[in-house]
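Shown next, in structure tokens, is the structure this report addresses.
Only this structure's heavy atoms are used, side chains among them; waters, hydrogens and symmetry mates stay out.
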Protein chains: 2
Amino acid sequence: MTRSGKRTTIVDIARQAEVSISTVSRVLNGRPVADEVLATRVRKAATELGYRPNMVARDFRRGVTSTIGVVVPDLANPFFPHVLKGLAEEVSAGDHRLLVVDSGEDADQELQLVAQLAGSCDGIILCSPRMPQSSLATLPALGVPIVCTNRSVGDLPFGTVGIDSASGMRQAVAHLAQLGHQQIGYLGGPGTSWSDGLRREGLSTAAADLGVSVSSTEAGSTSDDGHAKLPELLDQGVTAVIAFNDLVAIGALARLRELEMDVPSRLSVVGFDDIPVAAFLGPPLTTVSLPKEELGRRAWAGLHQQLETGQVPQEELLPASLVVRHSTAAPAD
Amino acid sequence: MTRSGKRTTIVDIARQAEVSISTVSRVLNGRPVADEVLATRVRKAATELGYRPNMVARDFRRGVTSTIGVVVPDLANPFFPHVLKGLAEEVSAGDHRLLVVDSGEDADQELQLVAQLAGSCDGIILCSPRMPQSSLATLPALGVPIVCTNRSVGDLPFGTVGIDSASGMRQAVAHLAQLGHQQIGYLGGPGTSWSDGLRREGLSTAAADLGVSVSSTEAGSTSDDGHAKLPELLDQGVTAVIAFNDLVAIGALARLRELEMDVPSRLSVVGFDDIPVAAFLGPPLTTVSLPKEELGRRAWAGLHQQLETGQVPQEELLPASLVVRHSTAAPAD
DNA sequence: GTCTAATCAGACAACGTTTTCTCAGCCACT
DNA sequence: AGTGGCTGAGAAAACGTTGTCTGATTAGAC
């Protein structure tokens, strides 16, 4: 501390080490300094005074924020924290901070949050954005590089990285078909979800290919939704159900328990995401595992590239793979 | 945009509105301006030029960061996102940003992260910190106000807000005792967890008061831990098990299913936290519900107060309450 | 020994904003 | 009518850092 109550700055160091401010800056930033004597004097003074750089001033001068914004629809959905973990890992390695905001599954608030974030971020990652295409189209005007996950953005200049849900769905349907199921139900996600669109598409083509019939309903993304909408599918005589995600599957499982219908003997259930509890459910859930951490990592890679080169990265699609546990079996017949 | 490629600044506005820079600043910050004509000229120019303030410059000048750091042990643990939601709600209302970092349940990394965060935050909220008291004691030197949740900090100058886990535990034990259980097992949390200490304390006093006996083990905070450690308790002949949290309880439930021991007829299970899936498990989990969002809100209140007044707020304790579902019943005898 | 070239530390401007200070203008009161 | 006080807009400094530019010092070549 200097005599004044303020924080120590490079000026204090310069004074104490009897060198110029520029030299302090150079030493502290590891730029080449010829005179090793000066350098050590500076470093000594810095530690003596307990110097810690003022990041805000540094960012201000450099014209950056060193901050990346991430918008997720719902942190309480176990899917997103995993994406964040993958993201955080890489982002902090690149000396950036991560500003996380939760839009509460609200498309309007999502749009507002992005606009607000844009003011204090070098770049933004939109996880599974729920906003309509028309809102999405307003974002380039913010002048901030944006990468979307789990969403196609038309010809908007955004990087995108998604998961090949269609393929995952094909694997799930193939698995069920092989077990002998002829009638499959789909507990679909929210209509605003791009992934849900992909999954429905994969479902119908796979079903057509394999000669099984499909009933589907729009449920949502929570366990409550799965719990509420399952009977609708049961009425249609399905022998297996695929859920939009594991949470919905958990809701369905709970309803089946109430109805005293055993899983998998009376009904097979397949989830999506492979959240950690999936392996511990009763029965352990067969589900399509998605590379969540990798999704985060690739999103950062795309954004990073755009920040460095100005080039909008190409669209990317990550593979999904079915994990067979014990919630699926041959139909009772 | 001005002719140069740069972003528009208040200088551009001043030029266009033909007023001084100070006036622009005053108008834009809503400070009293006498001449309404000037004010409207400024506002008009600002919208025409599409002005968006440079937050970094503003924060720099004001000597603040407008950012609050939050450290959580594991985002994938469903407990924390709820705390964050309560927190985020209030924090963003106060024109602050939330910087969230995940320490991966690693005490060393936790300490490092806090030190790093300190450089770019006005204040820090430590959620259930896992670091030892000795590390905690080094934090005041960072010169940043800190509030801890779920942790007593001795005489360190931190605000703290916790949950009365001991009372929750008493309720759980009372519930089980009333059902007729005489032998209760506890699947404890990580030794570094303060909450776990509180819970053990509440458990032993409640057990003594009610005349039931207790066996306990140190499991951890994940479903894997519960799954692995449950047999240890079963060997001791308990008729009911209380888990450190719902995730651990889920692991226990899974193990019981494997062992074909029905819940609650063969063993009663009680969790802690009341995470959303708890209600959908098989059977729906009796658990001690914790005010997670409120915890976040109170933490911010404490930090906010400290930032405004410089006064370290008093320790706070929030109530917990048992939610009885279907994983508990009278013992088989 | 002198002149040129090269090297490197120090002086200083700049980043965009807020805020303090200055001073012009006006009103009211003597 | 002159002066004192007051209001409010404009000028300018300041925040801490980085980076460009300048000037000095030294080494090398003739």
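In this structure, Asp59(A) atom CG and dC15(D) atom C1' are separated by 15 Å, rounded to whole Å. What separates CD of Glu18(B) from P of dG10(D) is a distance of 11 Å, to the nearest Å. The interatomic distance linking Ile21(B) (CD1) with dA13(D) (C1') rounds to 12 Å, in whole Å. Here the P atom of nucleotide dG16(D) and the CZ atom of Arg15(A) are 11 Å apart, to the nearest Å. The distance from atom CD of Glu36(B) to atom P of dG8(D) is 13 Å, rounded to the nearest whole Å. Per the geometry, CD1 belonging to Ile10(A) stands 13 Å off P belonging to dG10(C), to the nearest Å. Between Arg61(A) atom CZ and dC12(C) atom P there is a gap of 16 Å when expressed in whole angstrom units. One can place CG of Leu38(A) at 10 Å from C1' of dC8(C), the figure rounded to the nearest angstrom.
Not one side-chain nitrogen or oxygen of Tyr51(B) sits closer than 4.0 Å to the OP1 or OP2 atom of dG16(C). For Thr23(B) and dG10(D), the shortest distance from a side-chain N or O to OP1 or OP2 is below 4.0 Å. Between Arg31(B) and dT19(C), a side-chain N or O to OP1/OP2 separation shorter than 4.0 Å is present. Within the structure, every side-chain polar atom (N or O) of Asn54(B) is placed at least 4.0 Å from both OP1 and OP2 of dC15(C). Between Ser22(B) and the phosphate of dA9(D), there is no side-chain N or O to OP1/OP2 separation shorter than 4.0 Å. Taking 4.0 angstrom as the limit, Arg62(A) places none of its side-chain polar atoms (N or O) nearer than this to OP1 or OP2 of dT17(D).
Counting heavy-atom neighbours within 6.0 Å of Glu36(B) CD, excluding the residue itself, gives a total above 12. By the 6.0 Å contact criterion, CD on Gln305(A) is enclosed, its count of non-hydrogen atoms from other residues, nucleotides or ligands being greater than 12.
Among dT17(D), dT18(D), dG10(C), the nucleotide with an atom closest to any side-chain atom of Ala57(A) is dT17(D). Each of dT18(C), dT18(D), dG8(D) was ranked by its minimum atom distance to the side chain of Ala34(B); first place goes to dG8(D). Looking at the side chain of Thr9(B), the nearest of the listed nucleotides dG16(C), dT19(C), dT18(C) is dG16(C).
When heavy atoms are screened at a 4.0 angstrom cut-off, Pro53(B) is found touching the sugar-phosphate backbone but no base atom. Residue Val19(A) is in sugar-phosphate contact alone, with no base atom involved, counting any heavy-atom pair closer than 4.0 Å across all strands shown.
Look at Glu48(A) and Lys44(A) and you find a salt bridge, because one of the NZ, NE, NH1 or NH2 atoms lies within 4.0 Å of a carboxylate O, short of that distance. Taking the charged nitrogens against the carboxylate oxygens, Arg7(A) and Asp12(A) have no contact shorter than 4.0 Å, which rules out a salt bridge.
Where Val33(B) and Phe60(B) each meet DNA chain D at their nearest nucleotide, the meeting point lying more 5' is that of Val33(B). In this structure, Arg52(B) and Arg26(B) both approach DNA chain C, and ranking their closest nucleotides by distance from the 5' end singles out Arg52(B).
Legend: side-chain hydrogen bond (donor to acceptor under 3.5 Å, both in side chains) pairs involving residues 104-115 of chain A, not counting sequence neighbours, sorted by first then second residue: Glu105(A)-Arg130(A).
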